[in-house]
Structure formats: C-alpha cells, structure tokens
Protein chains: 2
Amino acid sequence: MQIVPADFDRMFGALADPTRRDIVRRAIGGDEGILELAGHYPMSFAAVQKHVAILERAGLITKDRIGRRKVVRANVEGLRIVRRLLDQYEELWRSRIGRMAELLAEEAPGAQKGIER
Amino acid sequence: MQIVPADFDRMFGALADPTRRDIVRRAIGGDEGILELAGHYPMSFAAVQKHVAILERAGLITKDRIGRRKVVRANVEGLRIVRRLLDQYEELWRSRIGRMAELLAEEAPGAQKGIER
DNA sequence: CATTCGTACAACCATACGGTTGTATGTCAG
DNA sequence: CTGACATACAACCGTATGGTTGTACGAATG
C-alpha cells in the first residue's frame, strides 16, 4: 500500500495530543482495554474512545478483541513510517549542507528524490 | 531549556498539515522569503504567512531578515527533537518485546524511565 | 521623502476538534 | 433468557483551525 500525504496528516495530527501520545505509549507492549485505558485520564470513557479511534484511523494502534474487551496495541510500523519521514528531512538537510560544503562548485541542482508521494 | 508536552503538541500539530510539511521541506537549505514561498501554494499570502508563524512557534523554522525579506529556514534541531520522541517509543517497544522474549520469567515491572518530561 | 516591496496583524467565516451525555449493540456469566 | 460488562455511536456545545480580505508597518529604491 502507498502512503499518501493525507496519511501523514492523520499520523501527525493523532500525535499532536498529549492524551493520545500517552495512549500510544501505554499501548506499546500493554494489553489494556479501552475502559482500563480511560481510567488513567481525567475525562469520560467516550472521550478516550474517540482518541483511540483517531489513533486507529491514523494506523498507529490496533484494537484486538480479547474476550469482551478490545485490547489496544501500538502499531510500531506506523510509528516507523512517521519517523522515516523525519529521517528523510534530516537526510535532505545533510545533502543540502553537503552541497553547500561543495561551495557552489559543481553542476546544476538536478532532480531531487521525492519525499512524500 | 526543557521540552514539555505542549511543545510536542505544537510540533506534531505543525507537521499535521501538508502545506506546512512542504514549507519545512523547502526551508531545508532554501532561502526563500514568505512571499516567494507563497507562490508555490494555491492560497493567499496571508494564509502562508500564518502557516509559517505556526511552524515558527513550534520551533521548526526560523525567520532571518535579509534585506527587506524574511528568509525562512528549517530548524533541524527541532525536527530532531520530534524524531527523538519517536525513537524513544521504538526503544520502549524493543525493551517491552525484549521482556516478552524473556517470557514472564524475571521480576516485577520496575520504574520506567520517563518519556516526555 | 514618497513610493513600492515584503511582511505583520486584525476581523471575519466555515468547518474541524475535544469534550460532554445519552442510547444502542455485542459478549460473557448465571 | 436475563443481566451486567465493555464497546460503539449519535447529538450537541464551545473553542481552535485554516482560510479569506483589508489595513498598517519597516525597509530599500528613485
């Protein structure tokens, strides 16, 4: 499957909330249901449920049914996708700085490899 | 200076928009003023100006006055701070999986080192 | 110093977001 | 089958967000 900009919108958007980041953290290797998760935060069960839904749509967690609960687990691959974009920015930065070090010697800009898309 | 959760809110929030991510990309090693940047997007100058302000407040770019322009440059350190949080999630995941591999042998959970704060 | 270029900012509008409460669905225990 | 537990979802509300237009400021040009 292809990753499109809208996916990054959802991923970064999902991570832009402290409650959701904490849910992600707890979901790493944890096995709490939504009700149990909700116990950690000063808000209603429904609010936490919404946060979980947003994280799920962003591909950062999954909900696995276990008995009558739905256990929330982090999708580490999702986190890696986000990290990879930041890696690419850094790489781009290095190459630009590299070019700068080449001190306007050398040829034309050339086609740059795409980030996103 | 200390990085608090609200900083991550701003950083992730700033990156949750395709226009802003593109501005960051262009700001890496680029030297465009805001008006020049605005030329790349199908929206008003003021809108782009707002996006730049959001990125600046998030610490992801800086505006350097050059002549009558304000050149937008990426703050790579800001990007690294975001990346580092994701690294920590991944590290946490590895250690949890590591513990899982230790297969419920060994002792109690123990205090976990803080992520964020 | 008047003009123009580039930026800044306020006011406004529509929609999205984070929270609430209430009701409905699905699943296990007795 | 009934009841209780865990989750789902709709409706609503206040505020934040992303866009617009219009006006004001700061710096270089003639």
Side-chain angles (χ1 to χ4, degrees), chain A residues 4-27 30-75, chain B residues 4-27 30-74 116:
Chain A
V4 298
D7 295 323
F8 284 115
D9 291 6
R10 285 187 223 102
M11 290 178 175
F12 282 113
L15 291 170
D17 180 285
T19 301
R20 289 197 291 260
R21 285 193 304 276
D22 196 68
I23 290 175
V24 167
R25 189 180 57 74
R26 289 179 187 278
D31 68 332
E32 294 185 298
I34 300 174
L35 188 66
E36 296 158 273
L37 270 178
H40 303 302
Y41 312 106
M43 65 187 72
S44 69
F45 166 78
V48 172
Q49 196 173 238
K50 275 194 184 181
H51 284 306
V52 169
I54 288 170
L55 287 166
E56 188 181 26
R57 281 201 1 150
L60 295 175
I61 62 151
T62 58
K63 291 186 286 190
D64 299 346
R65 168 138 251 145
I66 292 196
R68 57 176 84 179
R69 295 178 313 148
K70 283 207 176 165
V71 164
V72 176
R73 293 219 178 80
N75 175 9
Chain B
V4 297
D7 295 324
F8 285 114
D9 290 6
R10 284 187 223 101
M11 289 179 174
F12 281 113
L15 291 170
D17 180 284
T19 301
R20 289 197 291 261
R21 285 194 301 277
D22 196 68
I23 290 174
V24 167
R25 189 181 56 76
R26 289 179 187 278
D31 68 329
E32 295 184 298
I34 300 175
L35 188 65
E36 295 158 273
L37 269 179
H40 302 301
Y41 311 105
M43 65 187 72
S44 69
F45 165 78
V48 173
Q49 197 173 238
K50 275 194 184 181
H51 283 306
V52 169
I54 287 170
L55 287 167
E56 189 181 25
R57 279 200 2 147
L60 296 175
I61 61 151
T62 58
K63 291 185 287 190
D64 299 345
R65 169 139 251 144
I66 293 196
R68 58 175 84 179
R69 295 178 313 148
K70 283 207 178 167
V71 165
V72 175
R73 293 218 177 80
E116 284 192 30

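Note on naming: letters A, B, ... go to the chains in the order of the sequence lines (proteins, then strands), and numbering restarts at 1 for each one.
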Ion pair check, B:Asp64 and B:Lys70, cut-off under 4.0 Å: no
Electrostatic pair B:Arg26-B:Asp22, nearest N-O below 4.0 angstrom: yes
Side-chain N,O (B:Lys70) to OP1/OP2 (C:dA8) below 4.0 Å: yes
Sugar-phosphate, base or nothing in reach of A:Gly67, heavy atoms under 4.0 Å: sugar-phosphate
Nearest to side-chain heavy atoms of A:Arg65, which nucleotide of C:dG26, D:dA8, C:dA8: C:dG26
Minimum-distance nucleotide (side-chain atoms of A:Ala47 versus C:dT7, C:dT20, D:dA6): C:dT20
5' precedence on DNA chain C between A:Phe45 and A:Ile66 (nearest-nucleotide basis): A:Phe45
Side chain B:Arg20, main chain B:Ala14, donor-acceptor under 3.5 Å: yes
C:dT20 phosphate, OP1 or OP2, under 4.0 Å from A:Ser44 side-chain N/O: yes
Gap between atoms CZ and C1', on B:Arg69 and D:dA28 respectively (whole Å): 13 Å
Rounded distance [0.5 Å steps], CD1 in B:Ile61 versus CG in B:Leu37: 8.0 Å
Out of D:dA8, D:dA6, C:dA8, whichever nucleotide has its closest atom nearest the side chain of A:Gln49: D:dA8
Nearest listed nucleotide, side chain of A:Arg68, among C:dT7, C:dT27, D:dA8: C:dT27
Distance, rounded to the nearest Å, where A:Arg57 contributes CZ and C:dA16 contributes P: 11 Å
Nearest-neighbour nucleotide for the A:His51 side chain, C:dG19, D:dA8, D:dT20 considered: C:dG19
So which protein N/O to nucleotides 10-17 of chain D N/O distances come out below 3.5 Å?
none

A:Arg21 CZ to A:Leu15 CG distance, which is reported to the nearest 0.5 Å: 7.5 Å
Basic-acidic side-chain contact under 4.0 Å: B:Glu32, B:Arg69: no
For atom CG of A:Leu35 and atom P of D:dA8, their distance in whole Å: 11 Å
Whole-Å gap separating P (C:dC17) and CZ (A:Phe12): 17 Å
Any B:Lys63 side-chain N or O less than 4.0 Å from OP1/OP2 of C:dA8: yes
Whole angstrom value for the distance that separates P of C:dA16 from CG of B:Asp17: 14 Å
